[in-house]
Amino acid sequence: METEAAPRGLEGVFEKRICEYKARNRPEDLAAYLQDILAGPDYPGLPVEFKAKLSNERGWALLQLERVAEARHSYEQSLQIDPGNVTARYNLANLDMHANDLVRAMHRYGDLLADVPDHAGALYNKALCHVLREEVDLAGPLFERVTRIEPDYLGAQFWLGECRLRRNMYAEALESFQKVLALDGGHTEARRGAAICCLKTGAYREAVGQCEALLEDTGPELTALRIKGDAHLALGEVEEGVRCHLDMAFIEFDAREFLINRARQLSEENPGIAGYYCQRILEHFPDFEPALKPFLGQADNAPLYLTETGLSV
């Protein structure tokens, strides 16, 4: 019994010291301490798994010091001690991903998942590798698996929404973005994605609401103003729509071309408001008249609007 108790007591000593170094935020001391242990005499009866853990801890400390090559060596040393060590395998895959060696990283993640199919981190990072390779069709199912394993995994929910959005699966993407916002109401990218999906699915009033919340959080931004303007136009609220699109041009010069393109689109899809839309633009940008002139004749049925001098069409 004494030979078994001694290693467990030694493990406790090591773990306590590791926690102390971490609490004091001294990764350089932790790395040196663990190096002395790993390079020192072997401890009879100390479990192989725990020796591998010590090497993993040293790898973590070295990463905090941005000594990446040494950290990789520590993780490789951990695998030499215990070839099945999950933490070392996962961390080596992460180092490959951050080094942009995506193929090698995905191979490591795949090998790990063959042994631990529900490893959420490996699934998530392998999916991110596919995203970086523009392989959205392969990434989506992996993110979905992560959300089944951990429904509150915010990053996976968001990227699942992004993958669905890129595949024009707007209703499904909206569901994902709404789950993200339920977890983090200030998630800007998820709110932007939700606004796009609402517009695409015909939930125009909700699209306006999402954009208003986004503009409140971020201040003027082109995407929110464009979507909000398009949603107002779809609701028949032409004046509100024009104002949003004009605001785009006021905050960024290049957005002025958007106004011409949107006028052209309206002339094809909704000619009843195209002329009015053009007139409102010309009030602020009269030099656009040559480009908008083909659409001005469609103002016969335009709604009335109030100008500084009175009621006009």
Side-chain angles (χ1 to χ4, degrees), residues 7 11 14-15 18 22 27 30-31 34-35 37-39 42-43 46-164 166-167 176 179-180:
E11 288 177 45
F14 291 154
E15 288 177 344
I18 289 170
K22 286 185 174 182
L30 176 57
L34 291 170
Q35 175 60 23
I37 295 174
L38 292 166
D42 190 23
Y43 294 96
L46 194 66
V48 168
E49 295 82 0
F50 190 76
K51 294 179 182 178
K53 178 182 177 180
L54 295 178
S55 192
N56 285 333
E57 290 285 2
R58 181 170 182 269
W60 174 88
L62 291 167
L63 281 181
Q64 309 313 300
L65 300 170
E66 299 185 2
R67 291 157 60 180
V68 178
E70 293 176 74
R72 180 183 290 275
H73 177 71
S74 282
Y75 294 135
E76 290 171 344
Q77 185 181 39
S78 179
L79 288 182
Q80 291 173 2
I81 298 169
D82 178 11
N85 188 274
V86 171
T87 301
R89 295 166 69 186
Y90 178 60
N91 288 333
L92 282 169
N94 292 343
L95 288 179
D96 289 335
M97 184 178 75
H98 289 295
N100 206 35
D101 191 346
L102 302 181
V103 173
R104 186 177 184 184
M106 287 191 294
H107 180 74
R108 288 191 193 272
Y109 289 130
D111 284 347
L112 177 56
L113 290 166
D115 295 334
V116 190
D118 289 342
H119 193 295
L123 285 167
Y124 179 77
N125 285 345
K126 185 180 181 184
L128 284 181
C129 289
H130 283 302
V131 169
L132 293 170
R133 288 166 55 88
E134 301 294 331
E135 298 168 347
V136 177
D137 289 353
L138 298 176
L142 294 177
F143 287 127
E144 190 169 2
R145 281 180 61 189
V146 178
T147 63
R148 288 200 297 267
I149 296 167
E150 297 185 22
D152 291 343
Y153 200 131
L154 188 146
Q157 289 286 4
F158 171 73
W159 278 108
L160 177 57
E162 282 289 303
C163 290
R164 289 169 167 176
R166 296 184 193 184
R167 296 181 62 195
S176 295
K179 289 179 180 179
V180 174

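Just so it is clear, the model here is predicted, and its values are computed rather than measured.
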Any salt bridge between Asp82 and Lys51, counting N to O under 4.0 Å?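 No, Asp82 and Lys51 are not salt-bridged.
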
Identify whether the distance between the nearest side-chain nitrogen and carboxylate oxygen of Asp111 and Arg89 falls below 4.0 Å.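 Result for this pair is no, no salt bridge flagged.
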
Check the side chains of Asn56 and Asn85 for a donor-acceptor pair under 3.5 angstrom, ignoring hydrogens and angles.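 There is such a pair (donor and acceptor under 3.5 Å, judged by atom type) between the side chains of Asn85 and Asn56.
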
Looking at [atom1] of [X] and [atom2] of [Y], how far apart are the two atoms once the value is rounded to the nearest 0.5 Å?
| X | Y | atom1 | atom2 | answer |
| --- | --- | --- | --- | --- |
| Gln77 | Glu70 | CD | CD | 12.0 Å |
| Ser176 | Glu162 | OG | CD | 10.0 Å |
| Thr147 | Tyr124 | OG1 | OH | 12.0 Å |
| Glu11 | Glu49 | CD | CD | 9.5 Å |
| Cys129 | Met106 | SG | CE | 6.0 Å |
| Asp137 | Glu135 | CG | CD | 9.5 Å |

Got [X] and [Y] here, is their nearest side-chain heavy-atom distance under 4.5 Å?
| X | Y | result |
| --- | --- | --- |
| Tyr75 | Leu63 | yes |
| Val131 | Arg166 | yes |
| Lys22 | Gln64 | no |
| Leu142 | Arg145 | yes |
| Val146 | Leu160 | no |
| Pro47 | Lys53 | no |
| Arg167 | Val136 | yes |
| Arg72 | Asp96 | yes |

Could you pull out the closest heavy-atom pair between [X] and [Y], with the gap in Å?
| X | Y | value |
| --- | --- | --- |
| Phe158 | Val180 | N-CG2, 3.4 Å |
| Ala105 | Met97 | CB-N, 3.6 Å |
| Ala88 | Ser78 | CB-OG, 3.7 Å |
| Gly59 | Ala71 | O-CB, 3.5 Å |
| Lys126 | Gly110 | NZ-CA, 4.2 Å |
| Pro151 | Gln157 | O-NE2, 3.1 Å |

I'd like to know whether Ile18 forms a side chain to side chain contact (heavy atoms under 4.5 Å, CB included) with Leu54, so could you lay out the CA-CA distance, the side-chain angles of the two residues, the decisive distance to 0.1 Å, and finally the verdict. CA-CA 9 Å; Ile18 289 170; Leu54 295 178; 3.8 Å; yes

Would Phe143 and Leu128 satisfy side chain to side chain contact (heavy atoms under 4.5 Å, CB included), going step by step from the backbone distance to the final call? CA-CA 9 Å; Phe143 287 127; Leu128 284 181; 3.8 Å; yes

Would the distance check show the side chain of Ser55 and the main-chain N or O of Ala52 forming a donor-acceptor pair, the cut-off being under 3.5 Å?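 A pair under 3.5 Å: no.
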
Test Glu57 against every option in Leu62, Leu34, Thr87 by the side-chain contact (heavy atoms from CB on, under 4.5 Å) rule and name the one that passes.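 Exactly one candidate clears the test, Leu34.
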
Side chain to side chain contact (heavy atoms under 4.5 Å, CB included) between Trp60 and Asn91: does it pass, once the steps are laid out? CA-CA 9 Å; Trp60 174 88; Asn91 288 333; over 6 Å; no

Please verify the inter-ring angle class for Phe50 with Phe14; under 30° counts as parallel, over 60° as perpendicular, anything in between as tilted.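 Ring orientation, 0 to 90° scale: parallel.
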
Carefully, step by step, assess Tyr109 and Asn94 under the rule side chain to side chain donor-acceptor pair (under 3.5 Å). CA-CA 9 Å; Tyr109 289 130; Asn94 292 343; 2.4 Å; yes

